[in-house]
Amino acid sequence: MKEGKDEEGAGGLGGSANGDGDGNSHHIIDGAISLDRDSQLQRGLKSRHIQFLALGGAIGTGLFVGSGGILHVVGPAPLWLAYLSMMAVVWIVMNIIAEMTTYLPMKGITLPYFTGRYVDPSLAFAAGWNYWYAYAILVAAEASAGAILLEYWDTPVPTAAWLTIILGVNLLLNIIAVEVFGEAEFWFASIKLITILGLIIVGLVIMLGGGPNHHRIGFLYWQDPGAWKEYVATGSAGRFLAYWTAFVRAGFSFITSPELIGLAAGETVAPRRNLPKAARRFLGRLAIFYGVSTLIIGVIVPSDDPNLLSAESNANASPWVIGIQRAGIGGLNHVINAAILTSAWSAGNAFLYSGSRVLYSMAAAGQAPAVFARTSRRGVPYAAVLVTWLFSLLAYLNVSSGGAKAFAWFSNLSTISGFIAWIVVMVTYLRFRAAMDFRGLLHTLPYRTPLQPYATWVVLGIVGLLTITNGFQVFAPFSYQDFLAAYITLPAFAVLYFGHKLWFRTPWARSVQDIDVLTGKKEMDELCADDVEPVPKNWVQRVWFWI
C-alpha cells in the first residue's frame, strides 16, 4: 500500500506479505508490525504485568523528589490539587490509548504507527523522534535525581563520579545482558511499589502523632506557613498561578506512563480482555499512590523547610526523607533515601531501554538511519542503545549548574516533550474515531470509554494551554536558560514535522474516507476469538485472576 515518495520512511502502511507453500501469508506492515498468526500467539505479558508496567512508569522521581520542589514553590494545596488535575488528564489519555490499541493490538505496534496510519506520516515521523528525545532526556533527569539523593549522605565522592557510576551501570544492563536487565527491573519496581505504600502508612502515622516525638501535626502546616504561596503575582491571581505552575510541573511525574500500556499491547496475552482491565484500574491506583501521597507530603513537611529542593538551597533530600527526619524516626530516613535512589536508577534504566527500542523501531520503519536497526547476537539494538545513552550525558550539567537547577531543566524539557506526545495521541484518536464513525463501525470497538470524544477535545485544549504557558515564569525576571528549557522543544518538533512534510510532499492530513481502520482487524478478531476467560475454582484463584 505504498503511495510513493510521500510514504517512504514516513510511518505509513507500506509493507509486504510473503506467502508460504501452504497458502498462508506472513504480513509485515511498516517494516515492524506483524500480522502473522504464529507471531501473534507469541505473547508473554499478562494483566498483572502491564498494570505493573504502567504503575511502575508513573511512580518515580517526580513523586519522590520533584514533588518537594513544587511544595517549596507553591505550598501544599496547589501541589495536591495539581496532581489531582493531572491524574484526570492522564486518565483520558490512558483511555484513548486503550481504545485504539485494544481495537488493533498487533505485534510490534507503536503509537507513532497509529499516527501515521490515521493522521499523517510527517506527524508520525516527528512524534517518533519526540518520544526518543523525551526518553533520552529522562535518562539524564533520573541520573541527576540519583546524584542529588546520593549527596544526602555527604560523601567525599564528587558528583561527576556518581553520575558516571549511575549512567555506566544503566548502559551495561541495557547493552550486555538483557536477561539481567529484565530481572533487575522487576526487583527495582517491586522495591518502588513497596516503598510508596510504606511511605503512605508512615506519613499517616506521623500525621496522627505516632512518631517518636508524639507530635500530632494534622494539618498544622496548612495554617503556618500556610496552604498557598502566591506565585509571580499577588492575591487571587498569585494563587491561581501557583496552582497552574504546579499543574505544569506535575506533568513530569506522568509523562510516558500511559503510553507504556500501548507499547505493551502487542506483547499482551488476551489483549482485548487484559488491556481494558489495566486501563480501568489505572485511575484508582493512581489516586491511591499520587492523590494520597501528595496530600501527605504537604502535611508532614512545611513548605518553608530549608531542606526542600530548590534552585536557591540546592538541597539534596526527598520530602519524604525530610518528613521522617522531622518526626525524629532515627535510621529510617537513610533506608527510605536508599529505596528512592533505586527508584531513580530503575527509571533511568527503563527509559534507556524504551528510548533505544523507539529508535530501533523507527530505523526498522525507515524513519531513522538504518544503522540503528542493527542488533547483537542476543537481539540487543546496540547502536540505538549507545546513541540514546550518549544523549543522556547531558546529566553532567549537574556538575557545573548544581543538582536542583539541572534537574529542573531536564524535567522541564521532558515534560514538554510528553505534553506534545499527548497532543499527538489525542489528534490521532480523534481522526481514528472520525474514520470509525464515517464507516459506521463505532459499535464494533471492543472497548469504549465514557465521555468520548468530548473529553478528548477538552483535555486537548488543556494540554495545549499547558504546553504554551509552561514557561510563563521565565519572563519575571527573564532567564534565557529557563526560556530555552521551557520552549526549545516546540521549534524542534516543528522543524521535524515541516522538514519531513516538505521533503516527502505528504498531504496535510489523510481524508476521513482514506483512513484505513480495517487492515489487521480480521487477524485480531480471529486471535481474540480464541480467548477463553479463566474461571476461578476457589477464592485464592478469584483474587489472583482479579489482579
Side-chain angles (χ1 to χ4, degrees), residues 1 11-13 15 27-30 32-37 39-41 43 45 47 50-51 54 91-120 123-124 127 258-282 361 422 424-456 459 510 512-531 533:
M1 284 182 64
L13 290 175
H27 299 286
I28 301 294
I29 303 174
D30 204 24
I33 316 299
S34 172
L35 293 181
D36 176 47
R37 183 171 178 80
S39 172
Q40 292 297 334
L41 293 173
R43 295 167 179 255
L45 293 178
S47 172
I50 56 174
Q51 292 181 63
W91 179 56
I92 298 301
V93 175
M94 169 68 82
N95 280 347
I96 64 177
I97 289 173
E99 273 197 41
M100 289 190 292
T101 53
T102 302
Y103 178 68
L104 291 176
M106 299 178 293
K107 191 100 170 167
I109 58 169
T110 62
L111 293 175
Y113 162 74
F114 285 125
T115 302
R117 179 165 169 166
Y118 302 143
V119 187
D120 166 41
L123 190 61
E259 288 94 328
L260 287 171
I261 279 188
L263 290 171
E267 303 292 336
T268 303
V269 174
R272 288 186 176 170
R273 172 161 51 88
N274 287 324
L275 290 173
K277 185 193 294 185
R280 279 192 293 265
R281 294 177 183 173
F282 189 69
S361 297
W422 288 353
V424 172
V425 165
M426 286 185 275
V427 170
T428 301
Y429 172 75
L430 290 170
R431 297 301 292 166
F432 163 73
R433 188 180 175 94
M436 293 292 285
D437 190 30
F438 176 79
R439 295 174 184 269
L441 294 174
L442 276 178
H443 68 283
T444 67
L445 285 173
Y447 179 52
R448 295 184 68 174
T449 57
L451 309 175
Q452 297 298 353
Y454 313 107
T456 300
V459 172
R510 299 185 191 277
V512 173
Q513 59 266 31
D514 292 334
I515 294 175
D516 177 13
V517 292
L518 295 176
T519 299
K521 182 180 184 300
K522 176 176 173 289
E523 290 83 353
M524 293 302 99
D525 288 346
E526 291 172 353
L527 171 75
C528 296
D530 297 335
D531 173 43
E533 186 165 3

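The figures that follow rest on heavy atoms only: side chains count, while hydrogens, waters and symmetry mates do not.
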Nearest heavy-atom contact between P112 and A127 is CG-C, 4.3 Å

For R117 and T519 the tightest heavy-atom approach is NH2-O, 2.6 Å

Nearest-0.5 Å distance that lies between atom [atom1] in [X] and atom [atom2] in [Y]:
X: I97; Y: W422; atom1: CD1; atom2: CH2; result: 9.0 Å
X: L111; Y: T101; atom1: CG; atom2: OG1; result: 7.5 Å
X: R280; Y: Y447; atom1: CZ; atom2: OH; result: 5.5 Å
X: Y454; Y: I92; atom1: OH; atom2: CD1; result: 14.0 Å

Run through T456, V119, I96 and flag the one making a side chain to side chain contact (heavy atoms under 4.5 Å, CB included) with L430. T456

So, do V427 and Y118 sit near enough that their side-chain heavy atoms are less than 4.5 Å apart? no

What I'd like to find out is whether the side chain of F114 reaches to under 4.5 Å of the side chain of L104, using heavy atoms alone. yes

Non-neighbouring partners of T428 that pass side chain to side chain donor-acceptor pair (under 3.5 Å), sequence neighbours left out: T115

Below 3.5 Å, can you tabulate the donor-acceptor pairs from side chains in residues 431-438 to any protein atom, sequence neighbours excluded?
{"from": "R431", "atom 1": "NH2", "to": "R510", "atom 2": "O", "distance (Å)": "2.6"}
{"from": "R433", "atom 1": "NH1", "to": "Y429", "atom 2": "OH", "distance (Å)": "3.1"}
{"from": "R433", "atom 1": "NH2", "to": "Q452", "atom 2": "O", "distance (Å)": "3.4"}

Who are the side chain to side chain contact (heavy atoms under 4.5 Å, CB included) partners of L518, not counting sequence neighbours? Y103, R439, L441, D516, K521

